[in-house]
K.L.:
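Structure incoming, see below.
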Number of protein chains: 2
Amino acid sequence: MTADAAAQPPKACADCRLRQLTCFLPTTPAELAFIQQCRESTPRVRAGRAIIAEHRASPRLFTLYSGWAFRYKTLADGRRQILNFLLPGDFIGLQGEFTDDATHGVEALTHTHLCAFGHDRLWDIFSRQARLGYNVTWLCASEEQLVDENLVTVGRRNAAERIAMLLIHLWRRAERLGLVDEQGGVEFPLTQQHIADALGLSLVHTNKTLRKLERVGLHEIKSARLRLLDPLALQRIADYYAKPMRPVPLL
Amino acid sequence: MTADAAAQPPKACADCRLRQLTCFLPTTPAELAFIQQCRESTPRVRAGRAIIAEHRASPRLFTLYSGWAFRYKTLADGRRQILNFLLPGDFIGLQGEFTDDATHGVEALTHTHLCAFGHDRLWDIFSRQARLGYNVTWLCASEEQLVDENLVTVGRRNAAERIAMLLIHLWRRAERLGLVDEQGGVEFPLTQQHIADALGLSLVHTNKTLRKLERVGLHEIKSARLRLLDPLALQRIADYYAKPMRPVPLL
DNA sequence: CGACCCTTTGAGGGCCGTCAAAGGGGGTGG
DNA sequence: CCACCCCCTTTGACGGCCCTCAAAGGGTCG
């Protein structure tokens, strides 16, 4: 089995690698069987490709199984705002269920594997497995919290604070998924353009601020890996002292 | 019956003034009875007071019945970001169900009337009325879309564009609720400080930009009423051409 | 080895923030 | 009924953060 094969979802949801993590709530066998029945395919999307095209109604729901992605919106003249980043376990495409046009796009940052559910399955979930319906709402509320936090960052923090915030937050989210190595490093597939688009900054200013923080010794980004060298200083700068995260549901 | 009394929720949900509006989806009698049973009180919150205190776990869920409110977060040094505004029919407090501390506050902009549901009722909704559970998710996804839109505004639009966006968007939301008078005016209870906090601008710059748009004849704010004098120009400035809104659920 | 993308750095300017202070307007109390 | 007060609005001056323009340096892949 290659490393690549490990990134693919197994045939049986019971063997799901994500479900073994303590950061996800356990599921009953009945729920697991139901989820597996809803899963109609496990598509792969390579880095830079669209998972959901902007302004096109999304036909399906997904759980991101492996890899990174992001949600974004663009204005007519090309200005782009990244709304939030998506990591394994995140649920994708819920908005498309309730509006005619997908109001945002979703793009893969790395090669990704997805578990796809038919779009007509959402109502099934609520009607046949109430607990899973509750979990869908939970995931939706969680994503909204991410966007809330990003809005505060973009609206009220200066460039250095924004970058500190982004680095801590992404690092913490990766950590709870067990993606941090022994040296405290995580995969970091964002380009500086992505960071700029997420933080409402220009590419140039993003670079200058990022370098300043790096030169002071707060963090290190090298060969697409991020390490936080002074997490406490970063927290202080960002004014972000997050509590330990509770387990969340997984569909 | 005074005008004030009309702003209060009636005893029976079947008599709900909001439910007569075409912008809300119809409910079955069974669902209506269930909702009424969940409603445990109809508190009133006066302008400027907290509906949900920041950093305090919210014990309850609400539907905003009348009046305006807003969700916000503040940083340690006092900087405040308004996340979105709440109008009649909006659902309040869902986030508090899934996190220990309410990560944001909710404050009344005007005198408000609320329908309050016990916090232990959320699971009841999903388990006993699946369709209503589905609707809760719908409302959650709708609110996320508001925040998404605001994040784009704050991250990628300049001051004039931000203000144009806010004015159009709030006006449209009020219009579908039937709150627009014959002169095309709606109640507009925001101070310029609220606008600044919502748009990530300073109070001073908000004032200057607002006055510039007003002097050019795009809109008019007088005695707490907003009128759009040139909606098309505002749309063009904001790059915001929204489709007609679909009916949404109401709890 | 060249092409392309991403990163890095400098220069200059503009948008927007901060500071300061005066001008309404509505509510309260005398 | 008037006067005062407080909050909100308005305007000017000035400075700084961040944007735009420009161009060179590195890394990777065909």
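Lettering follows sequence order; numbering is per chain, from 1.
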K.L.:
Between D148(A) and E144(A), is there a side-chain heavy-atom distance shorter than 4.5 Å?
P.N.:
yes
K.L.:
Would you mind telling me which of dC8(D), dT10(D), dC18(D) lies closest to the side-chain atoms of Q192(B)?
P.N.:
dT10(D)
K.L.:
Closest heavy-atom contact between A174(A) and V186(A)?
P.N.:
CB-CG1, 3.9 Å
K.L.:
Less than 4.5 Å apart, any side-chain heavy atom of R17(A) and any of Y65(A)?
P.N.:
yes
K.L.:
Salt bridge check: are R173(B) and D90(B) linked by an N-O gap of less than 4.0 Å?
P.N.:
yes
K.L.:
Are OP1 or OP2 of dT9(D) and a side-chain N or O of R211(B) less than 4.0 angstrom apart?
P.N.:
no
K.L.:
Can you measure N207(B) atom CG to dC7(D) atom P for me and round it to whole angstrom units?
P.N.:
18 Å
K.L.:
Hey, does S202(B) reach any base, or is it just sugar-phosphate, or nothing, if we go heavy atoms under 4.0 Å?
P.N.:
base
K.L.:
Between E54(B) and R80(B) (salt bridge meaning N to carboxylate O under 4.0 Å), is one present in this structure?
P.N.:
no
K.L.:
Can you find a donor-acceptor N/O pair under 3.5 angstrom joining the side chain of K208(B) to the base of dG12(D)?
P.N.:
yes
K.L.:
By the 4.0 Å heavy-atom rule, please label G48(B) as base, sugar-phosphate, or nothing.
P.N.:
nothing
K.L.:
Could you tell me whether the side chain of R227(B) reaches within less than 4.5 Å of the side chain of W171(B), counting heavy atoms only?
P.N.:
no
K.L.:
Between T209(A) and L203(B), which residue's closest nucleotide on DNA chain D lies nearer the 5′ terminus?
P.N.:
L203(B)
K.L.:
What bend angle does the helix from dC1(C)-dG30(D) to dG30(C)-dC1(D) show across its length, from five-pair end axes and to the nearest 10 degrees?
P.N.:
40°
K.L.:
For a quick test of reading the model: is some side-chain N or O of Q193(A) closer than 4.0 Å to OP1 or OP2 of dC6(C)?
P.N.:
no
K.L.:
Both R162(A) and V204(A) contact DNA chain D. Taking the nearest nucleotide for each, which residue is further toward the 5' end?
P.N.:
R162(A)
K.L.:
Mind calculating the distance between NE2 (H205(B)) and C1' (dG12(D)) to the nearest angstrom?
P.N.:
15 Å
